[in-house]
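Structure first, commentary second.
Because the structure is a prediction, the values reported are computed rather than measured. All values below were derived from every heavy atom in this structure, side-chain atoms included, with hydrogens, water molecules and symmetry-related copies excluded.
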Amino acid sequence: MRCLPHGQPQIIRRLLLKVQLPDGNEIEVADGATALDVASSIGSGLARAAIAGKMTKDDRTEIVDLQKPLPGDCELAILTASDEDPDSLYVLRHSAAHVAAEAICKLFPEAKLVYGPPVENGFYYDIELSQSITPEDFPRIEAEMKRIVQEKRPFCRHEAPREEAMVKLRDEGNRYKIDNAERAEGDKLSFYVTGENVGSNFEDLCIGPHVPSTAVIKAFKIRQVSRSHYRGDVNDTPLQRVYGTAFFKKDSLDAYLTQLEEAKKRDHRVIGRDLGLFVMSEQVGAGLALWLPKGMTVRTQLQNYLTDEMIKLGYELVCTPQIGQLGLYRTSGHYPYYEDSQYPAMFESDRGKAIQSALQLAQRVEADRGSERKRGEVAVQAMISAMRQAWGAIEGLRDDAPLPDTIERLYAALASEQGYLLRPMNCPHHIGVYMAHPRSYRDLPMRIAEFGMVYRWEQSGELSGMIRVRGFTQDDAHLFCTPDQLAHEVLTTVKLSRQVLEVLNLYDYRVRIGLRDLASDKYVGSPENWAKAEAAIHQAAVESGMNFSEEKGEAAFYGPKIDFIVKDCIGRSWQLGTVQVDYNLPERFGLSYIGPDNAPHVPIMIHRAPFGSMERFVGILIEHFAGAFPMWLSPVQVAVATISEKSEAYGRQIYDTLKNAGLRVELDLSSEKIGPKKHRLRTAKINYILVVGEKEAQDNLLNVNDRDGRTIGNMTVGAFIGACQQEIVSKGDTCVGV
RNA sequence: GCCGACAUAGCUCAAUGGUAGAGCACAGCUUUCGUAAAGCUGAGGUUCAGGGUUCGACUCCCUGUGUCGGCUCCA
């Protein structure tokens with residue numbers, strides 16, 4: 001028994017901690033025990049495999065170092081060196097980031113470390129370094145990392161009181177670390193040394209946790225280097241961001257890298273070109289897709305499907321133009337608030353065009369400094385005086401005013417100029433449809449739909465194939481309803497959105513409720529309206545039974561929304577379908593219906609687009625199916641390939657029969673051998689390839705092959721057509737077989 | 001928009017300041033072929049556009065356009 005200094009027997013208040021394990025068992029360990037102690041008490045094998053603990057106490061879960069004493073009774077899971085466990089990988093990759101940073105610092109002594117977190121599929125480290133790191137440097141970095149790993153150095157945590165630590169950081173003089181430390185919470189700061197030798201081994205300010213030793217980091221790869229800015233601020237210091245990944249096992253790394261290679265082959269930009277689905281033309285303009293006939297076939301099938309479903313649900317189709325008067329968008333709030341995100345307005349009068357030009361010049365000059373700015377200001381003044389001579393003075397505009405005032409006056413002058421805007425959204429036009437007649441509550445809900453093309457001036461760096469474009473087609477509809485009808489209509493639209501994803505086998509989506517950010521001023525409408533709209537959206541999400549996350553600041557400017565988000569083949573997330581509840585635009589446009597009380601009421605609008613954008617949706621779909629569309633969507637469903645010229649007549653006869661049966665069919669009479677012919681047709685992702693030669697002609701049969709290389713067998717034409725029709729109706733089942 | 005890289009035949013890529021080339025695809029011919037690539041021949045180029053340096057530019061410099069990877073943004 002330990003004794004107190006006074007020699008009195010110690011009264012032991014607490015000897016044991018209760019630790020609940022994932023299997024439900026509870027074990028007791030000594031006070032001060034660590035996750036490693038718990039692992040050891042369960043088994044030495046587990047202790048060897050352990051890399052961290054996942055501890056829950058007071059409903060808070062955190063991942064902790066193996067060596068950290070447990071704070072009291074808790075739940076604890078031991079994280080082991082498993083590539084299957086995202087938590088284990090998270091810790092591993094955090095540690096790998098430290099090793100990468102050490103390697104980079106050794107090779108580039110000038111490098112200043114900024115921030116190096118684990119991310120979804122690996123880690124990155126932001127570094128300030130004037131010299132560019134290039135892919136040619138990656139093998140050197142990896143070799144240096146390998147050396148560090150082979151030294152089997154432990155990760156050792158050190159804590160210091162905040163003030164003491166800050167002194168040390170200031171001595172080091174790395175502004176980023178000082179900044180990070182200042183933003184860290186708590187009265188202590190922690191550091192991790194990669195090794196046992198404080199002072200000589202690599203050390204980084206870090207909250208942890210880390211794996212016990214570099215030896216655990218068995219498989220890693222530096223993959224990419226790119227640019228970023230400190231704290232994401234483009235005006236702050238430019239940094240180099242080195243991306244890497246790490247796994248516990250080499251096989252897992254290899255599998256991951258192979259998967260990335262495979263994913264690249266699914267890229268819709270490559271498949272879209274190879275299969276002749278769409279092109280992007282430099283002559284037409286960035287972000288403006290040209291749908292080729294085969295791509296348009298896919299799109300038309302999707303549109304027909306959705307249209308049929310909408311008609312069943314009581315929607316009606318409308319068609320509206322792609323531009324509209326500026327006044328419309330002033331009322332809606334799109335113009336000039338979102339001016340930067342729109343194609344420039346087309347002003348009608350010379351005066352309007354001149355003011356627009358002067359404003360654009362003034363805005364550009366405002367960003368300049370020094371003599372360049374002085375020259376610019378002179379040019380702006382010259383434009384203004386020329387305008388005065390031509391059309392008279394612009395109200396409030398003085399020659400000697402500072403540039404910001406001039407910009408404000410030009411803006412004000414532009415506000416009364418007439419012109420047109422390429423529409424960024426369809427809703428104002430659909431509101432025009434609503435306003436075509438007086439409406440009664442008996443007309444509601446009114447559901448109007450249009451595959452409407454809209455144009456947005458996306459930043460040039462954002463454009464990406466069909467997935468992020470400047471001109472796109474929304475499968476847009478607007479529902480106008482009474483408050484009583486709202487909940488039911490929102491729920492129905494949510495169901496429709498899920499239905500279209502799932503009919504295409506797209507189950508891997510997440511649902512996000514976008515709410516208003518109270519701190520932002522980008523929203524229109526009253527807090528009461530917002531509260532009602534957000535409640536309606538929330539209720540629909542709950543009733544639909546989906547898992548969802550709620551995110552502030554993701555609402556549309558007129559209302560909250562439910563977004564369906566999917567990933568492309570290289571892991572980027574994109575919004576597809578959306579459902580939005582809007583109390584505000586009806587108010588802004590003064591919409592009304594006559595209620596049963598014979599008084600006017602303001603309807604509520606629902607904006608919804610299950611595909612979102614046809615361009616983006618088809619892009620994602622190309623990647624999802626790797627170009628091998630289910631038969632109902634395929635641009636070419638069947639190919640007839642003749643063995644030789646001797647079978648040409650029979651081939652033509654089969655082709656005509658299939659075409660008359662409504663199948664999309666291609667005839668290949670070329671003089672190649674059947675091997676290369678099949679190869680070409682399979683590469684074109686045609687669902688079924690019918691080989692026809694003298695034998696088939698004699699027996700009046702088809703030799704049916706699929707695009708995966710399987711020979712299905714011989715069938716009669718009638719049986720084949722029947723199976724195809726069945727497969728088309730099923731929207732995804734395989735029905736052709738013998 | 002910012003940072004960086006890139007732009008050569010339809011596609012993938014060569015050509016280091018001195019006559020722009022290959023494979024695949026395409027066209028013609030030969031072959032009439034039985035299930036993952038037959039042979040020969042041919043055509044195809046304002047080397048993204050415009051300007052500059054140079055005796056001479058695909059190559060070096062500037063500007064613009066576009067593409068890619070990030071950042072930032074996405075009503």
Mind listing the N/O atom pairs, protein and nucleotides 9-12 of chain B, below 3.5 Å?
residue	atom	partner	partner atom	Å
rC11(B)	O3'	Arg273(A)	NH2	3.3

Please list, for nucleotides 1-7 of chain B, all pairs of protein and nucleotide N/O atoms separated by less than 3.5 Å.
residue	atom	partner	partner atom	Å
rG1(B)	OP2	Ser460(A)	OG	2.5
rG1(B)	N9	Gln459(A)	OE1	3.1
rG1(B)	N7	Gln459(A)	OE1	3.1
rG1(B)	N7	Gly461(A)	N	3.3
rG1(B)	N3	Gln459(A)	OE1	3.3

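- Shown here are the side chain to side chain donor-acceptor pair (under 3.5 Å) partners of Gln459(A), two or more places apart in sequence or in another chain: there are none.
- Within the 4.5 Å cutoff, side-chain heavy atoms of Leu701(A) are placed close to those of Thr716(A).
- Shown for residues 670-694 of chain A: residues whose heavy atoms fall under 4.0 angstrom of RNA chain B, namely Ser671(A), Lys673(A), Ile674(A), Gly675(A), Pro676(A), Lys678(A), His679(A), Arg682(A), Val691(A), Gly693(A), Glu694(A).
- For Tyr583(A), there are no side chain to side chain donor-acceptor pair (under 3.5 Å) partners, not counting sequence neighbours.
- Under the salt bridge (charged side-chain N to carboxylate O under 4.0 Å, His left out) criterion, Lys264(A) pairs with Glu261(A), not counting sequence neighbours.
- Not counting sequence neighbours, the partners of Asp476(A) by the side chain to side chain donor-acceptor pair (under 3.5 Å) test are Asn426(A).
- When the side-chain nitrogen and oxygen atoms of Arg269(A) are compared with OP1 and OP2 of rG69(B), one or more of them lie within a distance under 4.0 Å.
- Aromatic rings from Tyr176(A) and Tyr115(A) are positioned such that their centres are separated by 6.0 Å or more.
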Would you give me the side-chain donor-acceptor pairs under 3.5 Å for residues 553-561 of chain A, sequence neighbours excluded?
residue	atom	partner	partner atom	Å
Glu554(A)	OE1	Arg512(A)	NH1	3.4
Tyr558(A)	OH	Gln580(A)	OE1	2.4
Lys561(A)	NZ	Asp563(A)	OD2	3.3
Lys561(A)	NZ	Gln575(A)	OE1	3.3

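- Residues passing the salt bridge (charged side-chain N to carboxylate O under 4.0 Å, His left out) test with Glu128(A), sequence neighbours excluded: none.
- Taking the side chain to side chain contact (heavy atoms under 4.5 Å, CB included) definition, one finds that Asn121(A) meets it with Tyr256(A), sequence neighbours left out.
- Of the residues in residues 322-336 of chain A, those placing a heavy atom less than 4.0 Å from an atom of RNA chain B are His334(A), in numerical order.
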- Message: Counting Watson-Crick and G-U wobble pairs with both distances under 3.5 Å, what is the dot-bracket string for RNA chain B, 5' to 3', using [ ] for crossing pairs and | for pairs to another strand?
- Response: (((((((..((((....[..)))).(((((.......))))).....(((((..]....))))))))))))....
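- Where Glu645(A) and Ser464(A) each meet RNA chain B at their nearest nucleotide, the meeting point lying more 5' is that of Glu645(A).
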